[in-house]
Amino acid sequence: MSSITMKRILVTGAFGQIGSELTMALRRKYGNDNVVAVGHKTKPSEALLKSGPSGFVDVTKRDNVEESVKKHDIDTIYHMAAILSATGEKNPQLAWDVNMNGLYNILEIAREQKMVRVFWPSSIAAFGPETPRENTPQETILRPRTVYGVAKVAGELLCDYYFRRFELDVRGVRYPGIISSETPPGGGTTDYAVAIFYEAIKHKKYTCFVREDTVLPMMYMPDCIKATMDLMEADLSKLKHHADYNLSAMSFSAGELAAEIKRHIPEFTCEYKPDFRQAIADSWPRSIDDSASRKEWGWRPTYNLSMMTKDMLEKLSKRYSEGRL
Ligand code: AKB
């Protein structure tokens, strides 16, 4: 297994919620020209387009990915392209194609090209209603009810297989819901925890699509980026897991989030009209035991609910006052 340091990085799904901020962070760390941002549907920001190489890649088309890998002499991939849980339930066939065949293409290309390392995110969606919901253990029942979750479990196993069978150094975490101010998420069950901030700033009210008492594990983007980059830099000999690390920062109910926002914007109101996403949220854990990540690669989150809320509101208010929201 190679121990060469990463130098030529491809980020798929680079124009999405996590990909866009991850690309910029990787460019700051490894150099603008060494990080190639590729996406499919979402429109990239000017900052992303101007700061380094970018292109169009459909991860379900192996030739497409291969062309980009060869053109840019890629040795490391952050494979962030995905269809999220709620969109997945509307189009399970597309979700399977993008999430499973996309991952298979990446792993095969990485194996053939003898790449240094691959990052692929799993999610709390890998868990299901039979999983213990409080302090969900690292090793536990994985029987998800969404096609997104099924692809996450299959993906975790496939990554593990590539590690053992082909010595491909593939790493990943089970992301909780990610909250961020730069690029909005699209099609996830946890999207309410981002949308609520935009609506609080713009309209002082929000209609939430899960119940007030719905508790889910969440994380602020700076912690998400830190976790992703730290795991990729970790010493392989210390890692007992590969693409399935539990990861946690905070857990709160939709009502607690609304109350925290109200502390800063007293006129803010939130009503609750649960839709089909409620059943998905109800099948996921309320809190996560991430002791394996803490022990094996030193994971420690920085942001809690109040720090994250303050920072989100400051960032979005500034953009709103500049007419950029
Ligand atoms: C979703 O809600 O689908 C994602 C996730 C938790 O993986 N944010």
Side-chain angles (χ1 to χ4, degrees), residues 12-13 16-22 41-42 78-92 94-96 98-100 102-103 119-129 131 133 136 142 144-156 159 172-198 208-211 214-221 223-225 227-228 243-254 257 274-288 290 293 301 308 312:
T12 72
Q17 186 200 13
I18 303 176
S20 57
E21 293 200 43
L22 178 64
K41 268 200 177 139
T42 333
Y78 288 73
H79 176 42
M80 311 305 287
I83 303 283
L84 298 185
S85 56
T87 305
E89 289 315 289
K90 289 187 185 150
N91 193 342
L94 176 72
W96 185 259
V98 172
N99 296 349
M100 222 49 247
L103 174 63
F119 179 87
W120 170 79
S122 185
S123 156
I124 52 166
F127 303 117
T131 309
R133 293 192 71 202
T136 301
L142 299 173
R145 295 278 171 90
T146 60
V147 69
Y148 174 69
V150 172
K152 289 300 184 196
V153 175
E156 287 182 4
C159 290
V173 291
R174 291 170 176 152
Y175 282 141
I178 304 298
I179 299 169
S180 65
S181 60
E182 287 302 308
T183 310
T189 303
T190 59
D191 290 11
Y192 66 89
V194 180
I196 193 170
F197 284 99
Y198 282 76
C208 184
F209 58 76
V210 295
R211 278 190 325 268
T214 305
V215 176
L216 285 173
M218 300 279 177
M219 177 173 286
Y220 195 32
M221 185 61 92
D223 276 335
C224 169
I225 301 294
T228 305
D244 60 352
Y245 277 102
N246 274 8
L247 192 67
S248 168
M250 53 184 130
S251 283
F252 49 77
S253 68
L257 176 58
D275 65 15
F276 73 101
R277 289 168 281 193
Q278 183 69 55
I280 303 178
D282 288 343
S283 75
W284 289 353
R286 290 160 59 96
S287 60
I288 300 287
D290 62 0
S293 292
M308 176 274 289
M312 276 294 282

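Count residues from 1 along the sequence. Remember, it's 1-based here, ligands and their atoms both numbered in the order they're listed. None of these values were measured; they are calculated from a predicted model.
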Side-chain donor/acceptor pairs under 3.5 Å, residues 188-197, sequence neighbours excluded:
from, atom 1, to, atom 2, distance (Å)
Thr189, OG1, Ser85, OG, 2.7
Asp191, OD1, Gly188, N, 3.2
Asp191, OD2, Gly187, N, 3.0
Asp191, OD2, Gly188, N, 3.0

Measuring from Thr228:OG1 to Ile18:CD1, what's the distance to the nearest 0.5 Å? 7.0 Å

To the nearest 0.5 Å, atom CD1 of Ile178 lies from atom SG of Cys224 at 4.0 Å

Separation of Met308 CE from Met219 CE (nearest 0.5 Å): 11.5 Å

Report the residues that fulfil side chain to side chain donor-acceptor pair (under 3.5 Å) with Ser251, sequence neighbours left out, ordered by chain and then residue number. none

Distance under 4.0 Å, heavy atoms only, partner ligand 1: which residues pass? Leu84, Ser85, Ser123, Ile124, Tyr148, Gly188, Thr189, Thr190, Trp284

Counterpart residues, salt bridge (charged side-chain N to carboxylate O under 4.0 Å, His left out), relative to Asp282 (two or more places apart): Arg211

